[in-house]
Each structure stands twice: as structure tokens, then as C-alpha cells.
2 protein chains.
Amino acid sequence: MIGSMGRWEPNARGRLEQAALELYIERGFEQTTVAEIAKQAGLTERTFFRHFADKREVLFGGTGRLQELLVSTIASAPDSAAPIDAIAAAFEAAGTVLQERREIVRQRQTIIAANAELQERELIKLASLGSALADALHRRGVTDLAASLAAEAGIAVFRIAFEHWINDTGQPDLPQLIRESLDELKAVTAGK
Amino acid sequence: MIGSMGRWEPNARGRLEQAALELYIERGFEQTTVAEIAKQAGLTERTFFRHFADKREVLFGGTGRLQELLVSTIASAPDSAAPIDAIAAAFEAAGTVLQERREIVRQRQTIIAANAELQERELIKLASLGSALADALHRRGVTDLAASLAAEAGIAVFRIAFEHWINDTGQPDLPQLIRESLDELKAVTAGK
DNA sequence: TACGCTGATGACAGCGACTGACATGGGATG
DNA sequence: CATCCCATGTCAGTCGCTGTCATCAGCGTA
């Protein structure tokens with residue numbers, strides 16, 4: 001039969017992610033126990049930890065896909081593109097995707113902003129992203145040092161643009177903010 | 001009397017820091033319990049948590065002083081200095097200090113490199129440092145956006161220089177590496 | 001059909017990080 | 001001398017996280 005149940009409800013991982021998001025919003029991250037998340041998803045605490053390394057990781061399932069998008073955008077940039085421009089193009093593409101999920105992204109960011117441990121996790125995800133971007137540039141023949149710096153600078157540009165996009169009450173355009181942020185970085189680093 | 005004991009041995013905090021450093025080196029961070037650190041320092045686990053917010057924080061007591069040095073260096077830069085140059089001067093000063101404590105810094109970094117949670121803590125300390133630097137620039141009349149970007153770019157430059165300084169088998173000069181890293185960033189961000 | 005294997009889940013015990021509440025007792029202060 | 005202060009000790013408790021073993025539907029295979 002279509003829709004017949006197997007032994008278990010499908011998509012346990014997704015149910016855990018959704019339950020966690022709801023509870024983190026409702027009560028806050030610290031006030032939510034893993035047992036509560038699991039119960040709301042119809043599972044046990046032990047199963048939660050089979051799907052996610054820890055209580056924080058359940059919020060960061062999407063970062064992997066975003067990283068793939070960024071890396072593939074860099075890989076498919078024309079050979080003539082300068083490193084910083086390949087990076088900028090990648091972040092603008094990512095910005096477009098994030099903009100489409102604006103409300104969910106804002107909810108998630110609200111949760112993260114309220115808890116230092118979650119900020120730490122986000123930062124290490126960004127650092128890992130930085131390594132991946134530097135690798136992608138390196139594969140295009142860019143020097144190690146230049147690749148690392150372009151990647152880190154790109155992340156700085158993105159972080160600041162993203163922060164403004166989240167906090168501004170209006171509905172600014174994220175790719176546009178990224179471009180402005182990059183221009184400002186270029187102006188700031190322009191040796192006199 | 002000089003040297004007479006009070007009720008407790010002095011410098012409990014310092015003893016905890018030292019005990020933690022020794023045990024983290026000897027057995028690794030995860031394999032060391034807080035109770036063991038406290039015992040080695042002649043104290044109890046509860047007292048450890050009165051001095052440090054968590055097991056990781058005991059390794060990051062020095063970051064506060066480094067941040068003060070960076071902020072005051074920026075504050076005392078000549079008015080004519082561009083933001084990026086004030087930042088660079090600050091990091092070069094910090095680099096000089098770190099270079100004087102080379103062995104301890106390397107030990108500490110070895111511990112951190114071996115554990116993801118410690119890397120997370122270091123990243124959030126750097127992020128906090130970035131905010132402080134941006135504030136310091138802002139007090140010099142630099143725009144919000146320019147201040148944030150100069151600070152973040154400076155941190156990227158420092159991180160990459162520091163990483164090379166730690167990993168290179170030779171004894172390269174950290175302030176020199178910072179200057180080279182900054183030059184590379186300027187080259188990479190130079191719009192054509 | 002019967003058999004056995006697999007893989008996701010449950011059940012349970014246990015460790016260690018961290019917290020709240022209360023007790024203790026020298027040192028400083030009056 | 002009486003009093004307060006405050007760094008530390010003691011104890012009980014919660015929760016994140018792990019190791020281990022049991023369960024049992026689905027699936028292939030004899």
C-alpha cells in the first residue's frame with residue numbers, strides 16, 4: 001500500500017530537526033532537554049545521539065549543503081576570474097539561497113544569537129567553510145597564502161553583510177549587501 | 001609575618017591554570033577530569049568552577065590581556081594612521097609579545113589543535129576580539145562598516161600568519177609574517 | 001516456507017560537566 | 001571582643017553523552 005508504515009515512521013532525522021527547532025524557539029536552547037526533543041519526535045534520547053553528534057549539531061544540518069554550493073560555484077567560475085571575485089560570486093549565490101528562506105533563517109539566527117555555545121558552533125562551521133573555500137581556490141591554481149586570505153576575507157565580508165541583513169528591519173537585498181561589504185573591504189585595504 | 005600562610009595557599013586561580021596546562025599536555029584535554037585538575041591544585045572541583053566558567057576557559061585567561069594590548073595600541077595610533085594600518089600595528093605588537101612566550105604559546109596551541117571544543121572557544125574569543133577592535137576604530141571616527149571590516153580582515157591576516165608561525169619548523173618572525181600576510185591580502189583584494 | 005542477516009531503534013547503566021544550597025572558619029573591621 | 005566577610009568545602013542533583021545489549025520488521029536465500 002502507498003504510505004504503508006514500515007516498522008518506524010520515516011525521516012527520523014528530519015523529525016528531530018523540526019522538534020528541536022520548535023522547542024528551541026519556544027523555551028530556548030538551554031531550557032530544552034534532548035529527552036524532550038526526542039519525545040516530541042516520537043523517539044528516545046539515545047536515538048537523537050545516533051543522528052546528531054550533540055545537542056547543538058541538530059541546528060547545523062544545512063551548512064553542509066551551503067558549503068557544497070559555495071565550493072561548486074567557485075569551481076565553475078571562469079578561469080579569468082580573480083580569486084576574490086570567485087569568492088564574491090559564491091557568497092552572492094549563497095546569499096540568494098538564504099534570502100529565499102528568509103524566515104527560517106531568521107528564526108535559526110535568533111536561537112543562535114541567544115546562546116554562546118551555538119555561536120561557537122557556528123564559528124567553527126564558518127572556519128571549516130573557510131578551509132573548503134581555500135581548497136577550492138587552490139585547485140584553481142591560486143597560491144596557498146592568497147587562497148587562504150581570499151577565503152577568510154570573503155567570510156568576513158559575508159559575516160558582516162549577513163549580520164546587517166538579519167538585523168535591519170527593512171528587507172534589504174543580501175547579495176547587494178555582500179557586494180557593498182566587499183567594496184568597503186577593498187576600500188579599507190587599499191594601500192595609500 | 002612575611003610569607004606567613006593565610007587560611008589558604010595563595011593564587012588558587014594560577015595554580016588551577018598551571019595544573020590544567022600540565023594535565024592537558026600529559027593526558028590530553030578530554031582524558032583529564034576537572035576533579036583531577038582541582039586535586040592537583042590542592043582544591044576541589046567546586047572551587048574550579050568558581051574561578052572558571054567551564055573546563056575550557058582555564059586555557060584562555062591570557063586572551064583578555066592580549067585584547068587590552070591590541071585595543072590600547074589602536075587607541076594610541078597617530079590620527080593620520082589609516083584603519084588598516086592601526087590594526088596592523090596592533091597585531092604586530094601582539095605578535096612581538098607572543099614571540100617572547102614562544103614555547104608556552106606553542107604548548108597551548110598544541111592542546112587546542114587536538115580538540116574541536118577548544119578550537120570553538122578560541123574562535124569565539126577571536127570574534128569577541130574583533131568586536132573590541134571595531135569599537136576601538138569606531139572611537140577614532142571610523143565608520144561602523146569600515147571598522148568592522150578592518151577588524152575582521154586584521155584578524156584573518158593574523159590567524160593565517162599565526163598558523164604559519166606555529167607550524168613552520170624554522171623560527172620565522174611573527175610580526176614579519178603578519179606584514180607579509182597583510183600585503184598578500186592587499187594584493188588579493190586589489191580590484192583590477 | 002524457514003532460516004538467518006541487517007539496521008534502526010529501545011532500554012539501561014554509568015561517567016563527567018556543571019549548578020544550587022548550605023556549612024565552615026580564618027582575617028579584617030569596628 | 002563581637003561581627004561580618006568571603007574563599008573554600010560538602011553534598012545532592014540535573015543533564016549531556018556513551019557503551020552495551022536486546023528487539024524485531026524487512027530482506028535475501030536455501
Side-chain angles (χ1 to χ4, degrees), chain A residues 1-21 23-24 26-61 111-112 114-121 124, chain B residues 1-21 23-24 26-61 111-112 114-121 124:
Chain A
M1 297 169 43
I2 294 176
S4 73
M5 284 177 37
R7 183 173 185 185
W8 299 287
E9 294 291 325
N11 194 25
R13 187 184 176 91
R15 273 150 52 214
L16 286 167
E17 286 176 344
Q18 171 130 12
L21 193 67
L23 290 173
Y24 290 170
E26 185 181 318
R27 317 182 187 175
F29 174 79
E30 293 173 11
Q31 284 66 44
T32 303
T33 70
V34 174
E36 289 167 346
I37 297 169
K39 186 172 185 181
Q40 175 144 340
L43 295 165
T44 63
E45 188 183 13
R46 191 65 184 87
T47 298
F48 177 97
F49 287 109
R50 288 200 177 95
H51 285 277
F52 302 99
D54 59 52
K55 189 186 172 187
R56 290 169 264 170
E57 198 66 18
V58 69
L59 277 179
F60 293 86
I111 298 170
I112 293 174
N115 182 271
E117 292 181 45
L118 291 173
Q119 291 161 39
E120 291 183 336
R121 180 56 50 86
I124 208 172
Chain B
M1 295 170 46
I2 295 175
S4 72
M5 283 180 37
R7 181 174 186 185
W8 299 286
E9 294 291 326
N11 195 24
R13 186 183 176 91
R15 273 151 51 214
L16 287 167
E17 286 175 343
Q18 170 133 10
L21 193 66
L23 290 173
Y24 289 170
E26 185 181 318
R27 318 185 186 175
F29 175 79
E30 293 173 9
Q31 285 66 44
T32 304
T33 69
V34 173
E36 288 168 347
I37 297 169
K39 185 172 184 180
Q40 174 144 339
L43 295 166
T44 63
E45 188 182 12
R46 191 65 183 85
T47 298
F48 178 97
F49 287 109
R50 287 197 178 97
H51 285 277
F52 302 99
D54 58 51
K55 190 185 172 187
R56 290 170 267 170
E57 198 65 19
V58 70
L59 277 178
F60 294 86
I111 299 170
I112 293 174
N115 182 272
E117 292 182 44
L118 291 173
Q119 291 161 38
E120 291 184 338
R121 180 56 48 86
I124 207 171

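Sequence lines set the chain letters: A, B, ... in the order given, protein chains first and strands last, and positions in each chain run from 1. The structure displayed is predicted, hence computed values, not measured ones.
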The correct set of residues in residues 43-54 of chain B placing a heavy atom under 4.0 Å from DNA chain D is B:Leu43, B:Thr44, B:Arg46, B:Thr47, B:Arg50, B:His51

Residue set satisfying ring pair (Phe, Tyr, Trp, His ring centres under 6.0 Å) with B:Phe29, at least two apart, ordered chain then number -> B:Tyr24

[N] [atom2] sits how many Å from [X] [atom1], rounded?
| X | N | atom1 | atom2 | answer |
| --- | --- | --- | --- | --- |
| A:Lys55 | D:dC15 | NZ | P | 9 Å |
| B:Glu117 | D:dG16 | CD | C1' | 11 Å |
| A:Glu57 | D:dT18 | CD | P | 12 Å |
| B:Arg15 | D:dT8 | CZ | P | 8 Å |
| B:Leu118 | C:dA17 | CG | P | 13 Å |
| A:Leu16 | D:dC17 | CG | C1' | 15 Å |
| B:Arg13 | D:dA7 | CZ | C1' | 14 Å |

In chain order, what residues pass the side chain to side chain donor-acceptor pair (under 3.5 Å) check against [X], with sequence neighbours excluded?
| X | result |
| --- | --- |
| A:Arg27 | A:Glu36 |
| A:Thr32 | none |
| A:Arg56 | B:Glu120 |

Rounded to the nearest 0.5 angstrom, the CD-CD distance for B:Glu117 and B:Glu30 is 6.5 Å

Judged by nearest nucleotide, the residue sitting upstream toward the 5' end of DNA chain C, B:Arg56 or A:Ala12, is A:Ala12

Sorted by chain and number, sequence neighbours left out, side chain to side chain contact (heavy atoms under 4.5 Å, CB included) with B:Asn11 holds for none

Notebook entry, point to check: Any side-chain heavy-atom pair from B:Val34 and B:Val58 closer than 4.5 angstrom?
Noted result: no

Report, one line per pair, each donor and acceptor closer than 3.5 Å where one atom sits in a side chain of residues 42-49 of chain B; sequence neighbours left out.
from	atom 1	to	atom 2	distance (Å)
B:Thr44	OG1	B:Thr47	OG1	3.3

What residues 27-38 of chain B contributes to the DNA chain C interface at heavy-atom separation below 4.0 Å is B:Thr32, B:Thr33, B:Val34

**Q.** Sidechain-backbone polar pair: B:Gln119 side chain, B:Ile112 backbone, donor-acceptor under 3.5 Å
**A.** yes

Which atom pairs link the protein and nucleotides 28-30 of chain C when you take only N or O atoms and keep those under 3.5 Å?
none

Contacts of A:Arg15 meeting salt bridge (Lys or Arg N to Asp or Glu O under 4.0 Å) (sequence neighbours excluded), chain-then-number -> none

The salt bridge (Lys or Arg N to Asp or Glu O under 4.0 Å) partners of A:Glu57 (sequence neighbours excluded) come to A:Arg121, A:Lys125

